[in-house]
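Below: the structure, in structure tokens.
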Amino acid sequence: MADDLTTYEENTWCPGCGNFGIFNAFKNAVKRLEMEDGISRQNILITAGIGCHAKIFDYLDLSGFYSLHGREIATAQGMKLANPQATIVAFAGDGDAFGEGIEHLIFAAKRNADMTVIIHDNGVYGLTTGQFTPTSPEGFKGPSTPFGSPEEPINPLKLMLVTGATFVARGFSGRLKELTDVFVQAMKHKGFSFVDVLQPCVSFNDTYKLYNSKVELLSQPAANVDEAMRLTEQTEKLPIGVFYQAEAPVYHENLLGNWNPTVQRATRQQRLQSIKSLLEKA
Ligand SMILES: Cc1ncc(C[n+]2csc(CCOP(=O)(O)OP(=O)(O)O)c2C)c(N)n1
Ligand code: SF4
Ligand SMILES: [Mg+2]
């Protein structure tokens, strides 16, 4: 065991995979949150979809709920409603969150669900060996697009800004310090925080050279959504860091007020009384 946040599970990521950078930056972020902000690891709950990215769930020694392909963001919302005091993190793949589960991503952002979504954006279905995803570049060749994808990729940051996400950021798995900083800020943000991590897949979409030459740290977040949208359109350079951050009411408080279902569960007697009064009204 390399450190006290790593489990004994055998690591099966390909050597050189960008997932290692995300894993290490996330562990650094958890340690910083513990030391600097008093957020204990027992209060950080994780979930993940299915894919290479999702193996992080097996490797991190944190509590949580292993979800399904494309369903980790729905699962994360349920976890937050059940335990509003917890800090919730959903690890997702690009195929996972922008393909199979895009509706959950959009609605969680729209509701300002208080959680952090970390996208391992490798532009490919890694675990199923190289099919194109919504963020694969035009011309991408793989088993499902042998002549090259004829589609333009989506712009995930722009999608999140339009949908109303209150924290929108990009990281690069090869820039550990900056990625750690972004994770810390995302997990401290009250509301929906979205971090799109540029993650090379050395086996099916090796983007190290591209990202190493283009990635550039933003000096500060944009002052408004319009400015942030323009930043997401840059292609000569790829900005990393926080693009946009805003305050807004969060979903679980709108829905539950101060009620915390984990510590304020109704007794059997109270539940029976509620059923009885419902039946009397019927
Ligand atoms: C509902 C469902 N559809 C499809 C699959 C098959 N499947 C498993 S992993 C995967 C691709 C994952 O790609 P991505 O989300 O980008 O993660 P990566 O492996 O690249 O980290 C697919 C299609 C599945 N497990 N469940
Ligand atoms: S297939 Fe790609 S994403 Fe999956 S472990 Fe290997 S390098 Fe990483
Ligand atoms: Mg992927």
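Just follow the structure's listing: the first ligand is 1, and inside any ligand the first atom is 1. Numbering of residues begins at 1 and proceeds along the displayed sequence.
Under the 3.5 Å distance criterion, the side-chain polar atoms of H104 are left unmatched by any main-chain donor or acceptor of A74. When atom types are taken as modelled, the side chain of N83 and the backbone of T262 share no donor-acceptor pair closer than 3.5 angstrom. Remark: the backbone N or O of T145 is not paired with any side-chain donor or acceptor of S149 at under 3.5 angstrom. For N112 (side chain) and A165 (main-chain N/O), no donor-acceptor pair under 3.5 Å exists by modelled atom type. At least one donor-acceptor pair under 3.5 Å links the side chain of Y208 to the backbone N or O of G16. In this structure, T207 contributes its side chain and Y211 its backbone to no donor-acceptor pair below 3.5 Å. Without hydrogens or angle criteria, W13 side chain to F20 main chain gives no donor-acceptor distance under 3.5 Å. Using modelled atom types, one side-chain atom of Q131 and one backbone atom of T128 make a donor-acceptor pair closer than 3.5 Å. A distance-only check finds a donor-acceptor pair linking the side chain of Q264 to the backbone of N260 [under 3.5 Å]. Formation of a donor-acceptor pair under 3.5 Å by the T7 side chain with backbone atoms of D61 is not found in this model.
In this structure, E34 pairs ionically with R41, as a charged nitrogen and a carboxylate oxygen lie closer than 4.0 Å. Under the 4.0 Å criterion applied to side-chain N and carboxylate O atoms, K55 and E10 are not assigned as salt-bridge partners.
Of the protein's non-hydrogen atoms, I50 O, 3.6 Å is the one closest to atom 9 (S) of ligand 1. In this structure, atom 13 (O) of ligand 1 lies nearest to the protein heavy atom Y125 CD2, 3.1 Å. For atom 7 (N) of ligand 1, the nearest protein heavy atom (residue, atom name, distance) is T128 CG2, 3.7 Å. Ranking protein heavy atoms by distance to atom 24 (C) of ligand 1, first place goes to H69 CB, 3.7 Å. At the top of the distance list for atom 17 (O) of ligand 1, counting protein heavy atoms only, stands H53 ND1, 3.1 Å. Looking only at protein heavy atoms, the nearest one to atom 15 (O) of ligand 1 is D96 N, 2.8 Å. In terms of protein heavy atoms, atom 14 (P) of ligand 1 is closest to G95 N, 3.7 Å.
Counting heavy-atom neighbours within 6.0 Å of E247 CD, excluding the residue itself, gives a total of 12 or less.
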- Item | Stepwise ring-ring contact (aromatic ring centres under 6.0 Å, His included) check, F91 with F26 | CA-CA 11 Å; F91 296 96; F26 187 77; 5.0 Å; yes
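The residue L68 has no part lying near ligand 1, judged by heavy-atom distances below 4.0 Å. Here Q199 has side-chain heavy atoms under 4.0 Å from ligand 2, and that is the only part of it that gets that close. At a heavy-atom cutoff of 4.0 Å, ligand 1 is contacted by both the backbone and the side chain of D94.
Looking at T12 and Y59, their side chains come closer than 4.5 Å, going by heavy atoms from C-beta outward. Annotation: side chain of E233 is not in contact with side chain of T235 (no heavy-atom distance under 4.5 Å).
Heavy-atom contacts of C52 reach the following atoms of ligand 1: 18 (P), 19 (O), 21 (O) (cutoff under 4.0 Å). Each of the atoms 1 (C), 3 (N) of ligand 1 lies under 4.0 Å from some heavy atom of E100. Within ligand 1, counting atoms from 1 as listed, the ones closer than 4.0 Å to a heavy atom of G126 are 18 (P), 19 (O), 20 (O).
Checked by distance only, ligand 1 and V124 come closer than 3.5 Å through their nitrogen or oxygen atoms.
For atom 2 (Fe) of ligand 2, protein N/O/S neighbours under 2.8 Å (waters excluded) are C201 SG.
Looking only at protein N/O/S atoms, the ones less than 2.8 Å from the Mg ion (ligand 3) make 3 in total.
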